[in-house]
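Since this is a predicted model, take the numbers as computed values, not measurements.
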Amino acid sequence: MGPNTVSAAEYFLIMLSQDKNIKFLGDKSAGAVGQPLVIVLPSGTKVFINTAKSYNDEGEDVSSGISPHYKYDFSEFYKTGYPDAMLSKFVKVIKELKE
């Protein structure tokens, strides 16, 4: 998970978080679970504002994103361009995690 985890993917994380055996790895999600209000500024810049609050099953506000249990920067993994190599790197990191 990470800053590109938005919308339905974030709702999926919220659903998965109900199982306390599931742990998240990566970086904080984007916090785009609400229906965004889009405002176009005179410069052409688009501003997206979440218009709804979202809560997990424990009643915590997750509208600004969901933090992982284990923080890890995976940005270098995607530069390899080879799915098998990426998967091997992900598996290695997961195996090295400490409870």
Main chain of S54, side chain of S63: is a donor-acceptor contact present, judged purely on distance under 3.5 Å?
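Judged by distance alone, yes, a pair lies under 3.5 Å.
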Do side-chain atoms of H69 reach the backbone of K23 as a donor and acceptor pair under 3.5 angstrom?
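Checked: no pair found.
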Would you indicate whether the side-chain heavy atoms of [Y] and [X] approach each other to under 4.5 Å?
{"X": "F90", "Y": "L25", "answer": "no"}
{"X": "I14", "Y": "V62", "answer": "yes"}
{"X": "D27", "Y": "Y72", "answer": "no"}

Name each donor-acceptor pair under 3.5 Å that joins a side chain in residues 42-49 to protein atoms two or more places apart or in another chain, with its distance.
{"unit_1": "S43", "atom_1": "OG", "unit_2": "T45", "atom_2": "N", "d": "3.4"}
{"unit_1": "S43", "atom_1": "OG", "unit_2": "T45", "atom_2": "OG1", "d": "3.1"}

For the residue pair F74 and F77, categorise the inter-ring angle as parallel (less than 30°), tilted (30 to 60°) or perpendicular (more than 60°).
perpendicular
If hydrophobic clusters are built by linking Ile, Leu, Val, Met, Phe, Trp and Tyr wherever their side-chain heavy atoms come under 4.5 Å apart, do M15 and I66 end up in the same one?
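Yes, one cluster joins them.
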Set of residues satisfying side chain to side chain donor-acceptor pair (under 3.5 Å) with respect to K92, sequence neighbours excluded:
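K92: no side chain to side chain donor-acceptor pair (under 3.5 Å) contacts found.
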Nearest 0.5 Å please: distance from the [atom1] atom of [X] over to the [atom2] atom of [Y].
{"X": "K28", "Y": "K71", "atom1": "NZ", "atom2": "NZ", "answer": "9.5 Å"}
{"X": "D61", "Y": "Y55", "atom1": "CG", "atom2": "OH", "answer": "5.0 Å"}
{"X": "N56", "Y": "L13", "atom1": "CG", "atom2": "CG", "answer": "11.5 Å"}

Can you give me the closest heavy-atom contact between [X] and [Y], atom names plus distance?
{"X": "M1", "Y": "S67", "answer": "CE-C, 4.3 Å"}
{"X": "P83", "Y": "G81", "answer": "CD-O, 3.7 Å"}
{"X": "A30", "Y": "P3", "answer": "CB-O, 3.2 Å"}

Quiz question: by atom type and distance under 3.5 Å, do the side chains of E10 and S29 form a donor-acceptor pair?
yes
Share the residues that join L87 in a hydrophobic cluster, the rule being Ile, Leu, Val, Met, Phe, Trp or Tyr side chains under 4.5 Å apart at the heavy-atom level.
V91
